[in-house]
Amino acid sequence: MTYAHETRRRRTFAIISHPDAGKTTLTEKLLLFSGAIQIAGSVKARKASRHATSDWMEIEKQRGISVASSVMQMLYREHVINLLDTPGHKDFSEDTYRVLTAVDSALMVIDAANGVEAQTRRLIEVCRQRDTPIITFVNKMDREVRDPLDILDEVERELGMPCVPMTWPVGQGKSFGGIINLRTQAMTVFDSGSERLPQDFETIPLTEQAQLAERFGLEWQTAMDSMELATGASPAFDEAAFLAGKQTPVFFGSGVNNFGVMEVLDALVDLAPAPKPRTSNLLVNKQPVVKEIQPEDSAFSGVVFKVQANMDANHRDRIAFVRMASGKYTPGMKLKVQRTGKELRPTSVVTFLSQRREAVDEAYAGDIIGFTTHGGVQLGDTITDGANLQFTGLPFFAPELFMTVILKNPLRTKQLQTGLDQLGEEGAIQVFKPEIGGPMLLGAVGQLQFEVVQHRLKAEYDCDVRLEGCQYTGARWITADTPAELREFTNAYPQRMSLDAAGTLAYLCTSPYDVRLAQERFPKIHFHPLREHAGLALGSAG
């Protein structure tokens, strides 16, 4: 049996951007225009009474930022679109990195006044490593912004790939007249207002040159000249090059005014790829055999790319977000967690519409489904309906910042242990337990992760903790060729040994020289700056 018809209808993409480029607003407008939601929220101010539908965590509401990646599904033009909203804040790049392993394409949002910013560069690097196709949306054209040719030039330099304009702006800021759609050869006239729907905007075919020139005057002429330059310097859109991550189609608009968004939604259906095959290691006689899993295959398989504890505060539940790689999910299926060989028995299985969850009747490759569990599932776990597969590629980075956890009320030790276990498995923070005992250590890529974890320990586990600095500045996961060599090393550095949330052994460093000295003393020990889940270390030493 093949599910090709269903998988071809799927589009799974992530929205990436620097904070404040308008990503959350654009997310909402895409949901609004597909008919998935009726009212768009507002993240303008901390005191805003309505928050963006994709920001559900309390601390996000207070700060007006997305710190957890959220998942939304919508139906548009007979296609099932799975949209993953990623945290824009740099301190959550790990969560974003893992989300990008679960998508087939990315929508990059750029602020037209600021161009390509630091956090966008980081995310672009991740996309480039995976050859993820990128669609670019240049936002906020209704403000005083940079020249569109400048922006294209910068995007090309930063992305290292040519831009192909799909729409072109006429004017900007107060004189923003609208966009020319190069695909339909018509101009859509700009009209401000967040309540307007796409069909409310006036459209004039480009054949009406005289009317357009008279109505938009100098702005029209300038736009035509710069558009001619841009299209002359850009290659024609090449589907194969786009799918290989070698060129990016570019759209202009104003998300907050609902303008230029419909063109992006159409591009996601027309241009973005359907689910692709995924590589797995099939264990045969305990030896890994590489196999390509096709999305339309009949056997169910998927990978856990995110675990979120306490999405529903009343139920203390945990949701394992699974990106389906093949097959069909139906309620009541028998599923197995490959790492442990145990049967997965979720209390419910849902799809997501932001804060709304709906029970899954059926799901196919490309879909994101949530298994509500009470443990037993970790980030990176492969789940199948029986076949022995192991999907790879979900990384954990060595933390660069460390704090010691001090519990203010020692009677809450059990709750603290539960909280740290769950937040560690979730990937919200890395938790290290020193082998010789003593307080737990938290490791993070960015400072804000500590604040979020401290907030969540209090709100979700009723644990008031103080975080104190410690001498550690880094960690390396360690492996050795033989158990004897590993034992010799751990005996030499007992105070530096710790176990992370997955039970993987790590060496804690107080300076960059530590690793070098330990490596010289024990040349057969391998030090890894990142690891894949389930103790499969990778990366180069040092």
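These values consider heavy atoms only, across backbone and side chains, with no hydrogens, waters or symmetry-generated copies.
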**Q** List for me each residue that meets ring-ring contact (aromatic ring centres under 6.0 Å, His included) alongside F489, sequence neighbours excluded, and say none if there are none.
**A** Y493, Y507, F522, F527
**Q** Counting C-beta onward and ignoring hydrogens, is there a side-chain heavy-atom pair between T479 and H528 closer than 4.5 Å?
**A**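 They are in side-chain contact.
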**Q** Could I get the full list of salt bridge (Lys or Arg N to Asp or Glu O under 4.0 Å) partners for D104, not counting sequence neighbours?
**A** R323
**Q** Between the main-chain N or O of G366 and the side-chain N or O of T12, is there a donor-acceptor pair closer than 3.5 Å?
**A** yes
**Q** How about K328: does its NZ atom have over 12 heavy atoms from other parts shown lying under 6.0 Å from it?
**A**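 Atom NZ in K328 is packed in, count exceeds 12.
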**Q** With L411, which residues qualify under side chain to side chain contact (heavy atoms under 4.5 Å, CB included), at least two apart?
**A**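 Here the qualifying residues are N409.
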**Q** Regarding R339 and D381, does a basic nitrogen lie under 4.0 Å from an acidic carboxylate oxygen?
**A** yes
**Q** With sequence neighbours left out, write down each residue that passes side chain to side chain contact (heavy atoms under 4.5 Å, CB included) with L467, or none if nothing qualifies.
**A**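 Side chain to side chain contact (heavy atoms under 4.5 Å, CB included) list for L467, sorted by chain: M403, V405, L442, F450, Q454, V465.
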**Q** Quick one: does V99's side chain get under 4.5 Å of V71's, heavy atoms only?
**A** no
**Q** Would you please name every residue forming a side chain to side chain donor-acceptor pair (under 3.5 Å) with E158, sequence neighbours left out?
**A**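 Partners of E158 by the side chain to side chain donor-acceptor pair (under 3.5 Å) criterion, ordered by chain and then number, come out as R121.
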**Q** Per the side chain to side chain donor-acceptor pair (under 3.5 Å) rule, which among R11, R10, Q73 passes with N82?
**A** Q73
**Q** For E343, which residues count as a salt bridge (Lys or Arg N to Asp or Glu O under 4.0 Å) partner, sequence neighbours excluded?
**A** R345
